[in-house]
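Presented below is the structure to which this report refers.
In listed order, ligands and their atoms are each counted from 1.
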Amino acid sequence: MDVETMVKLSSAREALQARCRTRPRIAVILGSGLGEFAAGVEGTEVAFADLPGFPRPTVAGHAGKFIIGEHVAVMAGRIHYYEGHSPGDVVLPVFLLHSMGVRTLVVTNAAGAVNRSYKPGDLVLIRDHVNFMGVNPLRGPNPSGFGPRFPDMTTSYAPELRALARSVSRTPLAEGVYAAFSGPSYETPAEIHMLEVMGVDLVGMSTVPEVIAASYLGMKVLGISCVTNMAAGILDQPLDHAEVIARGKEAGPRFVRLLSDVIDRLEPTG
Ligand code: HPA
């Protein structure tokens, strides 16, 4: 992390801490079209715009605020690399949440299905990821007090959290490998074919930077993808962002239920 990002982190932390007295240990980052969960969480709302130096999301479907509750913090509106933000800014929220005391991070996203057995509307646990974004958010100086220079990524998606999610889920949950490209163009059919041959199940444009940062900081991560479409070239039809948002909204109630069930179980030990 460079000096500029460290300054942004400390001023954002000061501003956020001044606005809320609770110190939740769990945070949820909501993906595109999955914002419905935020409505059910009671807490102090803080817009990203009120945090000095904090990046702002520019995508439709991303509100750009934190809701800081008693046990859970929600980030509604994530910062994407494809919007032009630096990799450091993309993970600033993770550093901020960690600095507030969050140690368990639930990351969610809308994803395309590379695995042909999935269908739109499926909720899939992320078992592992492949970083095809071409950047790593930890590149640069490694100031002391955060994490190791070469963080291990072997169990970045905590097996015990996946087991917990499977045990509380009212429907069977598949587990898959998520690959991220930088976007904003969707993948080509050739890229999706490559992913398929490599054993990748899901594709998207987010999550990987945040999980790298969370692993570095020693946080436990649960990743959940909502399949919004079959990836490019699998069906004989073009991809459409409006469709992605619509499918995410449709899965909303099931997704909220799963998240709530997981969080209820996490809270006592949080
Ligand atoms: N590709 C990349 N990102 C996505 C997709 C996809 O097919 N669906 C939702 N986000």
Side-chain angles (χ1 to χ4, degrees), residues 28-37 57-64 75-85 87 90-91 106-135 137 157 173-212 222-252 254-256 258-259:
V28 183
I29 299 180
L30 296 175
S32 305
L34 303 174
E36 200 175 307
F37 179 74
T58 59
V59 203
H62 285 262
M75 177 172 166
R78 68 148 52 83
I79 311 295
H80 290 93
Y81 182 56
Y82 63 71
E83 293 173 87
H85 300 294
V90 171
V91 297
V106 182
V107 285
T108 69
N109 60 44
V114 177
N115 186 324
R116 291 167 191 259
S117 75
Y118 298 169
K119 54 186 186 322
D122 284 357
L123 301 177
V124 180
L125 299 177
I126 304 177
R127 178 164 51 82
D128 203 348
H129 76 219
V130 178
N131 182 5
F132 270 122
M133 289 183 124
V135 292
Y157 298 85
L173 289 173
E175 291 197 4
V177 174
Y178 174 92
F181 283 92
S182 70
S185 54
Y186 284 116
E187 303 70 35
T188 62
E191 286 163 344
I192 296 303
H193 179 64
M194 172 189 76
L195 296 181
E196 200 176 1
V197 169
M198 292 171 97
V200 166
D201 302 292
L202 301 152
V203 65
M205 305 173 192
S206 68
T207 305
V208 163
E210 289 107 315
V211 174
I212 292 174
L222 176 67
I224 310 172
S225 285
C226 173
V227 173
T228 52
N229 57 283
M230 299 312 289
I234 292 188
L235 303 178
D236 190 19
Q237 64 190 49
L239 269 53
D240 174 11
H241 180 65
E243 196 62 22
V244 166
I245 298 290
R247 294 289 89 73
K249 284 230 165 75
E250 261 171 38
R254 271 182 301 119
F255 181 74
V256 169
L258 176 62
L259 270 183

- Message: Students should be able to answer this: which protein heavy-atom is nearest to atom 3 (N) of ligand 1, and at what distance?
- Response: G204 CA, 3.3 Å

- T228 heavy atoms within 4.0 Å reach ligand 1 at atoms 8 (N), 9 (C)

- Message: Checking the side chain of R247 only, and the main-chain atoms of A110 only, is there a donor and an acceptor separated by less than 3.5 Å?
- Response: no

- Query: Can you list the atoms of ligand 1 that are under 4.0 Å from a heavy atom of E187?
  - Reply: 1 (N), 2 (C), 6 (C), 7 (O)

- Item | H193 atom NE2, over 12 foreign heavy atoms within 6.0 Å | no

- For ligand 1, which atoms, with element, lie under 4.0 Å from some heavy atom of N229? 5 (C), 6 (C), 7 (O), 8 (N), 9 (C)

- Message: So, taking the atom named CD1 in I224 and the one named CG in L258, what distance separates them when rounded to the nearest 0.5 Å?
- Response: 4.5 Å

- Message: Within this structure, what is the CZ-OG1 distance for the pair R78 and T207, rounded to the nearest 0.5 Å?
- Response: 4.0 Å

- Task: Under 4.0 Å, heavy atoms only, figure out whether ligand 1 is touched by the backbone of A232, its side chain, both or neither.
- Result: neither

- Scanning both residues in full, the closest heavy-atom pair of I192 with V114 reads O-CG1, 4.0 Å

- Query: Which ligand 1 atoms, with their elements, are less than 4.0 angstrom from a heavy-atom of A110?
  - Reply: 9 (C), 10 (N)

- Message: Treating Y81 as the side-chain partner and G183 as the backbone partner, does any N or O pair qualify as donor plus acceptor under 3.5 Å?
- Response: no

- Query: What atoms in ligand 1 come closer than 4.0 Å to a heavy atom of L239?
  - Reply: 7 (O)

- With atoms numbered from 1 as shown, which atoms in ligand 1 lie under 4.0 angstrom from a non-hydrogen atom of G112? 5 (C), 6 (C), 7 (O), 8 (N), 9 (C)

